[in-house]
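Take a look at the structure set out below.
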There are 4 protein chains.
Amino acid sequence: MPTIKTTPEAILRSSWSLFHERGYKNTSLQQLADAAGLGKAGLLHHFGSKAGLMHAVIEYGIEWYRTRVLSIARGEGTIAERLTAILERQFQLVQLNDGGGCFFANMILETGDGAFAEGLVHFYKEWNTTVTTLLAEKFPAEEAKERAYRIFVDYEGSVMLFKLYKDTSHLTRFVSRTIAGLETPLNF
Amino acid sequence: MPTIKTTPEAILRSSWSLFHERGYKNTSLQQLADAAGLGKAGLLHHFGSKAGLMHAVIEYGIEWYRTRVLSIARGEGTIAERLTAILERQFQLVQLNDGGGCFFANMILETGDGAFAEGLVHFYKEWNTTVTTLLAEKFPAEEAKERAYRIFVDYEGSVMLFKLYKDTSHLTRFVSRTIAGLETPLNF
Amino acid sequence: MPTIKTTPEAILRSSWSLFHERGYKNTSLQQLADAAGLGKAGLLHHFGSKAGLMHAVIEYGIEWYRTRVLSIARGEGTIAERLTAILERQFQLVQLNDGGGCFFANMILETGDGAFAEGLVHFYKEWNTTVTTLLAEKFPAEEAKERAYRIFVDYEGSVMLFKLYKDTSHLTRFVSRTIAGLETPLNF
Amino acid sequence: MPTIKTTPEAILRSSWSLFHERGYKNTSLQQLADAAGLGKAGLLHHFGSKAGLMHAVIEYGIEWYRTRVLSIARGEGTIAERLTAILERQFQLVQLNDGGGCFFANMILETGDGAFAEGLVHFYKEWNTTVTTLLAEKFPAEEAKERAYRIFVDYEGSVMLFKLYKDTSHLTRFVSRTIAGLETPLNF
DNA sequence: TATGAATGAGCATTCATTCAT
DNA sequence: TATGAATGAATGCTCATTCAT
């Protein structure tokens with residue numbers, strides 16, 4: 001077994017951070033390599049190409065969300081408590097990296113050519129399924145699905161304004177109206 | 001009177017289109033110049049730098065919105081009619097340039113360093129003021145402001161999903177629930 | 001009219017020399033640019049790519065042969081005199097650039113993928129046509145064609161041995177037997 | 001006794017093939033290693049360096065020629081029969097590897113710096129000695145030597161044209177005139 | 001107003017090679 | 001004997017920008 005100086009996970013973590021903060025195109029392999037603590041060639045040895053690294057980072061990010069954020073949905077507490085916990089956990093990510101906003105939303109809007117579309121869709125589907133399941137404890141299936149959809153849309157729009165103004169009130173207002181909305185009938 | 005080959009406005013129009021479709025960083029001066037029908041040096045002669053061109057494009061975009069989209073608010077018809085007209089006019093832009101989404105949202109999320117934040121804030125403020133004024137015909141001032149805010153957030157989130165899936169149903173569903181929402185009490 | 005520091009012809013001349021001496025793959029843009037007296041980006045500004053430069057160099061080499069070597073065929077003197085003059089003029093090129101051999105033969109054998117095959121075929125055809133025409137002054141058309149073909153084959157084989165041994169006797173022996181061969185019947 | 005996955009000879013065979021097809025500079029250690037079925041480091045473990053591998057390949061190629069091609073000279077049949085057999089055996093090699101031509105000629109013309117000159121000279125000397133000996137059965141020593149020399153030169157020139165045009169008629173015409181030439185007096 | 005030449009920094013990627021295991 | 005990790009230099013090429021004309 002050869003010497004491993006830098007674990008792949010550490011590379012993914014630092015790369016995620018950089019992509020989040022600076023965007024895909026605007027982050028160079030040099031910066032990625034410096035942050036990971038090895039040379040450019042070493043990075044490519046592990047991931048083949050910058051795009052390959054990005055794919056791995058997206059998968060890593062999805063896994064991170066799954067185990068650290070979305071898992072809350074299957075925990076204890078009322079629906080409102082669990083939903084609040086999920087959203088606030090997400091806000092920690094959103095505020096990281098110089099207020100970088102939502103990593104996945106950034107990537108969706110930047111990489112319009114669709115090179116990473118599959119991975120990004122995967123993220124959305126997992127998020128949506130989890131929250132829909134959570135809301136289905138209280139609402140009929142169809143309504144739960146629509147509510148989860150609207151929360152997601154509201155969330156991404158709010159994060160965009162947070163990123164523009166660097167003002168967290170856009171995030172807290174979002175949580176307030178989301179939780180309050182649970183007690184309001186939905187017209188659809 | 002010498003021949004005018006390329007008017008500044010034509011340059012701004014083609015540049016807007018390119019920035020919209022490909023993003024700021026991912027669009028090169030070469031591409032911008034080709035699209036505008038003059039040399040790179042000619043472009044820079046007019047706008048000083050790529051960033052200078054971008055600033056001008058943002059101003060041009062705001063002006064475009066003002067005269068072509070937001071002006072509808074001060075036209076004739078019911079509130080619902082005028083709001084629908086505004087949103088559908090925006091969708092034309094959103095679907096342009098290979099389904100490029102919202103130019104302003106793209107720029108907000110891509111150019112995280114804030115170099116163009118001022119112009120982008122300017123766009124949001126103008127949009128928000130106009131729609132707030134429109135809704136104030138029917139709702140109290142504070143409620144009108146909150147409703148305009150929520151529509152904007154919902155709009156940007158929906159556009160993001162449209163861009164991810166290249167599916168216009170995300171846009172039509174947004175209009176439906178926005179118009180329907182005008183008849184529903186707002187809890188805030 | 002902008003300032004021209006380096007004429008395209010000067011670039012082609014220095015590049016030809018380098019490709020001749022070191023081969024296509026083994027010559028870097030850096031070396032080419034240094035030899036031409038401008039930066040890598042300046043080189044590419046003129047020729048688009050390394051392959052584009054190579055194409056231009058091949059055309060330049062063909063033109064050089066046409067005006068400086070093959071033109072002798074339409075000059076004065078006996079057939080033997082003109083043929084000798086042509087071959088000896090070629091030897092000057094062959095011995096240039098550290099005994100680099102025949103530029104065209106080198107490129108044919110190195111760039112086997114056929115990227116430059118068209119230009120190289122062009123060279124051979126022009127050479128062949130010229131020498132065939134020269135020999136047709138003395139021999140029937142078909143025989144002239146066959147003799148030109150054999151001279152070319154013999155020439156390239158001889159140059160290869162010259163390059164291997166760095167010994168010009170391979171070239172002088174080739175001229176001797178070629179000229180002597182003009183007085184010998186051809187069996188074919 | 002441990003399992004032998006890759007014999008050195010198998011490595012040399014696959015490497016020969018690659019160098020033949022793609023040239024020395026244009027073949028990477030990665031490709032060599034992939035073709036040989038082991039890692040880059042494994043290859044270097046056996047041969048020290050890429051150049052070391054090349055030296056071994058040249059020796060292997062010479063040995064191959066000796067036992068598989070030139071040995072025919074000491075077999076049975078008329079001189080013309082044996083010479084034809086040798087040349088046609090060579091053509092099989094020439095047409096291998098995507099019509100790669102003569103491996104040794106390619107290397108002579110590509111590696112102009114002379115790093116492998118010794119090995120390549122070795123090949124030529126062995127070929128020349130063998131064919132000279134064969135022809136000495138019919139011609140005086142000096143004439144046999146000259147005839148062998150001319151056949152070699154003619155051969156390499158013909159292979160070059162074959163490689164340029166991917167047309168085997170250049171090879172068959174060469175054999176025809178070589179065999180016919182055995183019955184024609186030589187002027188030298 | 002607009003050009004084409006030129007630049008220097010930076011890009012992602014490939015290279016042969018080293019080394020601990 | 002053979003591996004995978006890692007490296008540093010070099011590759012062809014693109015970038016925004018400058019400048020004389």
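Proteins get letters first, then strands, A, B, ... in listed order; numbering begins at 1 in each.
- In this structure, A:Glu110 contributes its side chain and A:Lys25 its backbone to a donor-acceptor pair below 3.5 Å.
- A:Ser14 OG to A:Gln31 CD: the interatomic distance, rounded to the nearest 0.5 Å, is 12.0 Å.
- A donor-acceptor pair under 3.5 Å links the side-chain atoms of C:Lys163 to the main chain of D:Leu109, judged by distance alone.
- Taking a 4.0 Å limit (strictly below) on heavy-atom distances, residues 29-39 of chain C reaches DNA chain E at C:Leu38, C:Gly39.
- In terms of position along DNA chain F, the nucleotide closest to A:Ala41 lies nearer the 5' end than the nucleotide closest to the other residue of the pair A:Ala41 and C:Ala41.
- Taken from CD1 in A:Ile11 to CG in A:Leu53, the straight-line distance is 8.0 Å, to the nearest 0.5 Å.
- Between the C1' atom of F:dA5 and the NZ atom of A:Lys40 lies a distance of 18 Å, rounded to the nearest Å.
- We find the CD-CG distance between D:Glu21 and D:Asn106 to be 11.5 Å, quoted to the nearest 0.5 Å.
- No donor-acceptor pair closer than 3.5 Å links the side chain of D:His20 to the backbone N or O of D:Asp98.
- Proximity of a side-chain donor or acceptor of C:Lys50 to a complementary backbone N or O of C:Tyr24 within less than 3.5 Å is detected.
- For the side chain to side chain contact (heavy atoms under 4.5 Å, CB included) test with A:Phe123, the passing option among A:Ile58, A:Ile108, A:Ile62 is A:Ile62; the others fail.
- Non-hydrogen atoms lying under 4.0 Å from DNA chain E are contributed by A:Leu44, A:Ser49, A:Lys50, all within residues 42-61 of chain A.
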Could you spell out the base pairing of DNA chain E as a dot-bracket line? Use Watson-Crick and G-U wobble contacts where both distances are under 3.5 Å, [ ] for crossing pairs, | for partners on a different strand. .||||||||||||||||||||

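- Atoms CH2 and CD, on A:Trp16 and A:Glu59 in that order, are 12.0 Å from each other to the nearest 0.5 Å.
- Regarding contacts with the backbone of F:dT14, every side-chain N or O of B:Ser28 stays at 4.0 angstrom or more from both OP1 and OP2.
- The residue from B:Tyr124, B:Phe19, B:Tyr65 that alone fulfils the ring-ring contact (aromatic ring centres under 6.0 Å, His included) condition with B:Phe104 is B:Tyr65.
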